[in-house]
2 protein chains.
Amino acid sequence: MSVDVASCTPLVRKALTAEQAADLSRVLKAVADPARLRLLSLVAAHEGGEACVCDLTEPLGLSQPTVSHHLKVLVDAGLLTRDKRGVWAWFRLVPGALDALAAALSTAGSRDAAPSSG
Amino acid sequence: MSVDVASCTPLVRKALTAEQAADLSRVLKAVADPARLRLLSLVAAHEGGEACVCDLTEPLGLSQPTVSHHLKVLVDAGLLTRDKRGVWAWFRLVPGALDALAAALSTAGSRDAAPSSG
DNA sequence: CGCAGAGATTGACTCCCGTCGATGCGTTGT
DNA sequence: ACAACGCATCGACGGGAGTCAATCTCTGCG
């Protein structure tokens, strides 16, 4: 279920295959949602770098099932970890996951992203 | 119609507002599609850094209207430029657009690795 | 054991999105 | 002028995604 972003090829380095594109798009679809972006942001900015559902429902203005759904999407995408302690479920950013995604999109890592390819 | 990715706040820096999240998600939705990822990749990897629709239809295995639709989405998102020369429409990557998107997702720039003075 | 609270799951609804065929528009060549 | 080509637009179809109310599961407490 989880997606390995690290396996994604840099976008501009070489033409992506259909499979590579599908793989990368899975992670991007997970973050291409305002509610999930805010969830990532809220978790990251929260005290201790972790937050439970009850901390996230109110600032998002969404119902608890919806928030839980979005969190599951982010966990399945490999962007968040879920740690259930007692009654509460605590979520944290997966270290490096967002950076790997950023690296896949970045043209800087390809060393020759300049308009002149000669 | 175009989206300014540069105005997007780094994700983990501070909790995103609903508007910031919506703005960023617009650009992410544009790239969160395997066909459009491959289009960006194909354009970037193409000779001269530019390609026309006829160059992109075959490797994608999609119909010409569909490819044209995806290209419009990418242009509207500010990721591609369209230059019509004669009968052909040539597409190029917008310099820095993907990097700005990557920077918005990256966690590195929010703490101590800011590229600009600060 | 029964109750209360947190969170996940289910089902249903609506809307958006990707896709194609058909068509329209502008350019090029004869 | 006419035909051919490249590309954009339109209309339509099917699948997927976001949302909520209701419900279920599990934990903690008395």
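None of these values were measured; they are calculated from a predicted model. Quick note on labels: first sequence line is chain A, next is B, and so on, each numbered from 1.
B:Arg85 comes within 4.0 angstrom of no nucleic acid atom, judged by non-hydrogen atoms across all strands.
An OP1 or OP2 oxygen of D:dC7 is reached within less than 4.0 angstrom by no side-chain nitrogen or oxygen of B:Arg82.
Checked against A:Lys72 for a side-chain contact (heavy atoms from CB on, under 4.5 Å), the options A:Val75, A:Asp76, A:Leu74 give a single hit: A:Asp76.
Within 3.5 Å, no donor on the side chain of A:Gln64 pairs with an acceptor on the base of C:dA6, nor the reverse.
Between D:dA8, C:dG7, C:dT19, one nucleotide has an atom nearer to the side chain of B:Ala89 than all others, and that is D:dA8. For A:His69, the listed nucleotide lying nearest its side chain is D:dG18; candidates were D:dC7, D:dC20, D:dG18. Side-chain proximity of B:Arg36 to the nucleotides C:dG26, C:dA8, C:dG18 is greatest for C:dG18. Closest to the A:Ser68 side chain, of the nucleotides C:dT19, C:dA8, D:dC5, is C:dA8. Proximity note for A:Pro65 (side chain, C-beta onward) versus D:dC7, D:dC20, D:dG18: the nearest is D:dC20. Considering only side-chain atoms of B:Cys54, the nucleotide from C:dA6, C:dT19, D:dC7 that sits closest is D:dC7. If you check C:dC20, C:dA6, D:dC7 against the side chain of B:Thr66, the one that comes closest is C:dC20.
Where A:Val67 and B:Asp33 meet DNA chain C, the nucleotide closest to each residue was compared, and A:Val67 sits on the side nearer the 5' end.
Within the 4.5 Å cutoff, the side chain of B:Leu93 has heavy atoms near those of the B:Leu80 side chain. Side-chain contact between A:Leu24 and A:Leu101 is present, with heavy atoms from C-beta onward closer than 4.5 Å.
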